[in-house]
Enquirer: 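Got a structure for you, questions after.
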2 protein chains.
Amino acid sequence: MGVSVKINPSIREANETLQTAFRSRSFALVAGDCRVDYEGRASSTLEWGERIVVIKQDGSLLVHRPIGYEPVNWQPPKCLLKVWTEDSGSLIVNATRAQPREMVSIEFRKIMFTVTGKLDDRGDFALHVTEEQMKQAILTVPALVEEGLKPLQQEKSLGAAGFTDIYAEDREGNLVVIEIKRNPASRDALIQLQRYLESLRGKIDRPLRGIVVGPELRMNAQPLLSSLRLEYVRLAPEKCFEILKSQRDMKLSQFLVGER
Amino acid sequence: MGVSVKINPSIREANETLQTAFRSRSFALVAGDCRVDYEGRASSTLEWGERIVVIKQDGSLLVHRPIGYEPVNWQPPKCLLKVWTEDSGSLIVNATRAQPREMVSIEFRKIMFTVTGKLDDRGDFALHVTEEQMKQAILTVPALVEEGLKPLQQEKSLGAAGFTDIYAEDREGNLVVIEIKRNPASRDALIQLQRYLESLRGKIDRPLRGIVVGPELRMNAQPLLSSLRLEYVRLAPEKCFEILKSQRDMKLSQFLVGER
DNA sequence: CCTTTCAGTTAGTTA
DNA sequence: TAACTAAGTGAAAGG
């Protein structure tokens, strides 16, 4: 439970701290003047400077420079972590993984601080407004796509589409296949939908429309849209979020009628 | 220069520490029991749990759970950082950016520690053996691809290839287009090269060969290689690295030709 | 175990 | 500035 902090520890001290941390599967933060070598799919060198190294209990490692969102060097989870001192008076921290065979090696010549400890983290993480949630929003308010649109019961038997989709019927009785993209729709999205429509036309004898729904249509996809005779409807994720939110609030208020 | 560490600080203490850190553009590490909300292109929630938050002087922010290489929530550089306490006794850390409009908000109800300070990091970072560097290696030692190969002056007017490439002439006087892949070459690479060769054949009336050069050819690409009548030459990045290194260090490249 | 596809992709380069 | 492409992409899902 306890957090252990050492400020300006000696190389030997830091060595023992990290040995213990690795053995007990604690996290470790180490900052200091270091050099970093990476060998693997590519290779890199980082000359002397002060950085913060984050080492996690799962064997992942991050080397962070004072600026930039991304780590300058890293190693994913399940690495073999080793730490030792060299005669030169340096502290070496090594993280190796097989498959692909890669190694990050950090040489410290001065340690600013080490922090080790355990984290108790069982909180759920949820990412909202995924394509699945856009789908839910459209099923709730089909007019987001087109007035008079009637979503049909999902028929998985139609085949694996490979994209988040909705089957619906328009006012003229055409079958409508909707492909949902939460990111700007590229040519790929159109091609995918087109391919799917082709496979359907072979099985279903009925007028068929293909609509791509998303926040944006990439400019280079515009010509293809016309030539494939597909349609695009703009729908911002925020709008979906509002709808899901109001739907949720409605359920809540229904449930909580009279309570406030 | 100095590093400031507080263990189990009060919310008020942590608030002051972070205020000072943000004002003085220091880095800050904060660990504690927190909840995280993200609103922007998508939205996410992370329930209570102990995490490590890294805040850099450039306004970037990372929330790290005890496992996993990637941050569960983050914000890129140039964010507006704010910190304050709430009546509930929580500490709120906010990082917002415009374009896209996004916000990460962290609510701490208990702080395990804070570490703030400055990092002096001017060391050069160098990533070796990129595709560009493989290209340099091949231009230096064309025999890596084929004996007698003569690289041609790059002619950009031939068209945007979309891949790292070399134009060369073989011993028979054929025009050779070389596509370099630093990763295992997939079918995509072959298709791309093939498409490019097609476009060239329309413009150039001359025998044309296409060679993919890389560390590996994916197994599923082998049949396509034959059917498209393309060629593959294995070249390990390490070899390129050696050549670039020796070229840089000793300028002996011309003597390495026969050594392979 | 391998391949394919997606990502709050991010980041860099070029038109 | 916008579009395009690579990345030590990583991570998840499907065969």
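Throughout, protein chains are lettered first and strands after them, A, B, ... in sequence-line order, and every chain is numbered starting at 1. If you're wondering where the values come from, they're calculated on a predicted model, not measured in any experiment.
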Enquirer: Could you state the NE2-P distance from B:His128 to D:dG8, rounded to the nearest angstrom?
Expert: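 In whole Å, D:dG8 P and B:His128 NE2 are 13 Å from each other.
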
Enquirer: Could you list the donor-acceptor pairs under 3.5 angstrom formed between side-chain atoms of residues 55-68 of chain A and any protein atom two or more places apart in sequence or on another chain?
Expert:
| residue | atom | partner | partner atom | Å |
| --- | --- | --- | --- | --- |
| A:Lys56 | NZ | B:His64 | ND1 | 2.8 |
| A:Lys56 | NZ | B:Arg65 | O | 2.7 |
| A:Lys56 | NZ | B:Gly68 | O | 2.7 |
| A:Asp58 | OD1 | A:Ser60 | N | 3.0 |
| A:Asp58 | OD1 | A:Ser60 | OG | 2.6 |
| A:Asp58 | OD2 | B:Gly68 | N | 2.6 |
| A:His64 | ND1 | B:Lys56 | NZ | 2.8 |
| A:Arg65 | NE | B:Asp121 | OD2 | 2.8 |
| A:Arg65 | NH2 | B:Asp121 | OD1 | 2.9 |
| A:Arg65 | NH2 | B:Asp121 | OD2 | 3.4 |
| A:Arg65 | NH2 | B:Gly123 | O | 2.5 |

Enquirer: What is the distance from CD of B:Gln75 to C1' of C:dT9, rounded to the nearest Å?
Expert: 14 Å

Enquirer: How far, in whole Å, is C:dT4 from C:dG8 if one measures between their P atoms?
Expert: 22 Å

Enquirer: For B:Lys135 and D:dA6, give me the distance from atom NZ to atom C1', rounded to whole Å.
Expert: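 Going from B:Lys135 (NZ) to D:dA6 (C1'), I get 15 Å.
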
Enquirer: How long is the line joining CG of A:Leu127 and P of C:dC6, in whole Å?
Expert: 16 Å

Enquirer: Quick check on contacts: within residues 64-74 of chain A, what sits under 4.0 Å from DNA chain C by heavy-atom distance?
Expert: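 Contacts with DNA chain C under 4.0 Å: A:Tyr69, A:Glu70.
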
Enquirer: Does the distance from a Lys or Arg side-chain N to an Asp or Glu carboxylate O, for B:Asp120 and B:Lys118, drop under 4.0 Å?
Expert: no

Enquirer: Mind checking B:Arg101 for me? I need base, sugar-phosphate or nothing, with any heavy atom below 4.0 Å counting as a touch.
Expert: nothing

Enquirer: Could you run through DNA chain C and flag its stems, i.e. three or more consecutive Watson-Crick or G-U pairs with both distances under 3.5 Å?
Expert: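 So far as stems of 3 or more pairs are concerned, DNA chain C shows C:1-7 with D:9-15, C:9-15 with D:1-7.
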
Enquirer: May I have the distance from B:Leu61 (atom CG) to C:dT10 (atom P), rounded to whole angstrom?
Expert: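 Nearest whole value for this atom pair: 14 Å.
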
Enquirer: A:Ser105 pairs by side-chain contact (heavy atoms from CB on, under 4.5 Å) with which of A:Asn73, A:Val93, A:Ile92, A:Val36?
Expert: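 That would be A:Ile92; it is the only one of A:Asn73, A:Val93, A:Ile92, A:Val36 passing the side-chain contact (heavy atoms from CB on, under 4.5 Å) with A:Ser105.
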
Enquirer: Starting from P on D:dA7, measure out to CD on A:Glu102 and report it in whole angstrom.
Expert: 14 Å

Enquirer: At what distance, to the nearest 0.5 angstrom, does CG of B:Leu80 lie from OG1 of B:Thr96?
Expert: 4.0 Å

Enquirer: I need the minimum non-hydrogen distance between B:Ala31 and B:Ile52, along with the two atoms involved.
Expert: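 Smallest interatomic distance, heavy atoms only, reads CB-CG1, 4.1 Å.
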
Enquirer: Grab the CE-P distance between B:Met134 and D:dA6 for me, whole Å please.
Expert: 14 Å

Enquirer: So, taking the atom named CD in B:Gln194 and the one named CZ in B:Arg229, what distance separates them when rounded to the nearest 0.5 Å?
Expert: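 One finds 11.0 Å between CD of B:Gln194 and CZ of B:Arg229.
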
Enquirer: Mind listing the residues from residues 31-43 of chain B sitting with a heavy atom below 4.0 Å of DNA chain C? Number order is fine.
Expert: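 Those residues are B:Tyr38, B:Arg41, B:Ala42.
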
Enquirer: Should the pair B:Arg35-B:Asp37 be classified as a salt bridge under the 4.0 Å nitrogen-to-oxygen rule?
Expert: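 B:Asp37 and B:Arg35: salt-bridged.
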
Enquirer: In whole angstrom, give the distance that lies between atom CG of A:Leu62 and atom P of D:dG10.
Expert: 12 Å

Enquirer: List the residues meeting salt bridge (Lys or Arg N to Asp or Glu O under 4.0 Å) with B:Arg234, not counting sequence neighbours, and say none if there are none.
Expert: none

Enquirer: Test side chain to side chain contact (heavy atoms under 4.5 Å, CB included) on B:Ile138 and B:Leu235; report intermediate values, then the result.
Expert: CA-CA 10 Å; B:Ile138 293 172; B:Leu235 177 61; 3.8 Å; yes

Enquirer: Applying salt bridge (charged side-chain N to carboxylate O under 4.0 Å, His left out), which residue pairs with at least one partner in residues 97-106 of chain A are found, sequence neighbours left out?
Expert: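 Output for this query lists A:Arg41-A:Glu102, A:Arg97-A:Glu102.
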
Enquirer: Please tell me which of B:Gln99 and B:Phe125 maps to the more 5' nucleotide of DNA chain D, matching each residue to the nucleotide holding its nearest heavy atom.
Expert: B:Gln99

Enquirer: How many angstroms lie between atom CD of B:Gln75 and atom OH of B:Tyr38, to the nearest 0.5 angstrom?
Expert: 7.5 Å

